[in-house]
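See below for the structure under consideration.
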Amino acid sequence: MKNLTPKTLKETLILLNEGDYKILAGGTDLMIQNRAWSNTLPKFNKDILLVFNLPELKYITLEDDCLHIGSTMTLEELLYHKLTPKLLVEAIKIMASPAIRNMATLGGNIGNASPAGDSLPVLYILNAIVVIESIERTRELPIEDLIIGPGKKTIQKNEIIKEIKIPMSNFTSIRFDKVGGRKADAISKISFAGVAKVKNNTIQDFRVSFGAVGPTVVRNKELEANVIGLTVDDMKVNIQEILNEFGNFIRPIDDQRSNKEYRKTVAINLLKSFILSL
Ligand SMILES: Cc1cc2nc3c(=O)[nH]c(=O)nc-3n(C[C@H](O)[C@H](O)[C@H](O)COP(=O)(O)OP(=O)(O)OC[C@H]3O[C@@H](n4cnc5c(N)ncnc54)[C@H](O)[C@@H]3O)c2cc1C
């Protein structure tokens, strides 16, 4: 098995086009998934392309009303960057630990495609677009079209996640909640992200998503649209109906971290708490 460290993005794309490689950014998921006995090296079944230090993938810029985040920006770099959306900062604050966050990249959190990936509910409701590059073309996909199941992505073997594009928006309320086995360094049993814009007591924008309650992040744009134009008071009067409608779309499973009844109850309670806070 080879470990290659290309110096440029172009070299990376040529290698990806010619061979069958596993892209490794910070390695905080991959090294765990491929670990071996102590004092032995992790076992990978493919050659590795190390992209963590590619300068062309490390940036954050604001252009054309969109934030552009290079895929190998680490969580720690994003945590302290003044351009990082506040909601993403709220999520990163309670992800992993500083040591892991110094290696873990945003592209890796997406690339791992875990329903419990904590940046994902945030990226879903910020309408993030993932920019994917290969030697032949650059294409853009809404994040919900990139991740199609646990660990499953619509990305080809010669492609790399280049950047995450986030359209700029203003919200009057934001919320990220995560329920795990302990306060820090825990994998989410349930996560919740919410944003809303309220003007003159009327809902102008409302987006919510739930992590770790299905094979992918759960978001329902039709249900969100139903509450646009309601007054905050109407929304609170009709809260039970709204919770029931969202509840129909939340169908968690049992696993080693939690069971479906707990997950569903907590997910709905987090939505309720967000609505009551508007
Ligand atoms: C102790 C510990 C605590 C953790 N806590 C959390 C937590 O609280 N919340 C959370 O969400 N995660 C957590 N994680 C998981 C992990 O840190 C994150 O998912 C991290 O963002 C992965 O980034 P990485 O750069 O290390 O990815 P890697 O391990 O390098 O890669 C992960 C996957 O993404 C692919 N990939 C990486 N970069 C690209 C790219 N540019 N283009 C295409 N594919 C790519 C890789 O091929 C691989 O399949 C934790 C991990 C550990 C070890």
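All residue numbers in this chain count up from 1 along the given sequence. Order of appearance sets the numbers: ligands from 1, and atoms from 1 within every ligand.
- Side chain of Asn238 to backbone of Glu241: no donor-acceptor contact under 3.5 angstrom is found.
- Here Leu276 pairs with Lys236, Ile239, Lys272 under the side-chain contact (heavy atoms from CB on, under 4.5 Å) rule; sequence neighbours left out.
- Aromatic ring centres of Phe192 and Phe176 lie farther apart than the 6.0 Å criterion allows.
- Polar contact with ligand 1: present for Ala96 (N/O pair, distance under 3.5 Å).
- The atoms of ligand 1 that sit less than 4.0 Å from any heavy atom of Ala186 are 8 (O).
- Salt bridge absent: Asp145 and Lys153 never bring a charged side-chain N and a carboxylate O closer than 4.0 Å.
- Those atoms of ligand 1 with a heavy atom of Asp185 less than 4.0 angstrom away are 1 (C), 2 (C), 3 (C).
- At least one N or O atom of Gly26 sits closer than 3.5 Å to an N or O atom of ligand 1.
- Side chains of Glu222 and Asn226: no donor on one and acceptor on the other come within 3.5 Å.
- Using bins of under 30°, 30° to 60° and over 60° for the plane-to-plane angle, the ring pair Phe246/Phe206 lands in the perpendicular bin.
- Taking any N or O of Leu30, backbone or side chain, at least one lies under 3.5 Å from an N or O belonging to ligand 1.
- Near Ile160, the atoms of ligand 1 lying under 4.0 angstrom from a non-hydrogen atom of the residue are 40 (C), 41 (N), 42 (N).
- Among the atoms of Gly27, some N or O lies under 3.5 angstrom from an N or O of ligand 1.
- Interface atoms of ligand 1 facing Leu24, defined by a heavy-atom separation under 4.0 Å, are 30 (O).
- Shortest contact from atom 12 (N) of ligand 1 to any protein heavy atom: Asn109 ND2, 3.7 Å.
- With sequence neighbours excluded, the residues forming a side chain to side chain donor-acceptor pair (under 3.5 Å) with Tyr59 are Lys162, Glu163, listed by chain and number.
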Verify side-chain contact (heavy atoms from CB on, under 4.5 Å) between Arg207 and Asn127, making sure each step is shown before the conclusion.
CA-CA 10 Å; Arg207 311 177 202 170; Asn127 294 336; 3.4 Å; yes
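- Set against the non-hydrogen atoms of Ser71, the atoms of ligand 1 under 4.0 Å away are 41 (N).
- Side-chain contact of Asn112 with Gln33: a donor-acceptor pair under 3.5 Å is present, judged by distance alone.
- A donor-acceptor contact shorter than 3.5 Å links the side chain of Glu56 to the backbone of Leu9.
- Below 4.0 Å from some heavy atom of Gly117 lie the following atoms of ligand 1, by number and element: 11 (O).
- Not a single N or O atom of Val51, backbone or side chain, sits closer than 3.5 Å to an N or O atom of ligand 1.
- Looking at Asp47 and Lys22, no side-chain N of the basic residue comes within less than 4.0 Å of a carboxylate O on the acidic one, giving no salt bridge.
- Protein heavy atom in closest approach to atom 14 (N) of ligand 1: Asp29 OD1, 4.5 Å.
- Every atom of ligand 1 with a heavy atom of Ala25 under 4.0 Å away is listed here by number and element: 25 (O), 30 (O), 37 (C), 38 (N).
- Counting atoms of ligand 1 from 1 in the listed order, those under 4.0 Å from a heavy atom of Lys22 are 47 (O), 49 (O).
- Close N/O approach between Glu159 and ligand 1 is not found [any backbone or side-chain N/O within under 3.5 Å].
- No N or O atom of Ile100 sits closer than 3.5 Å to an N or O atom of ligand 1.
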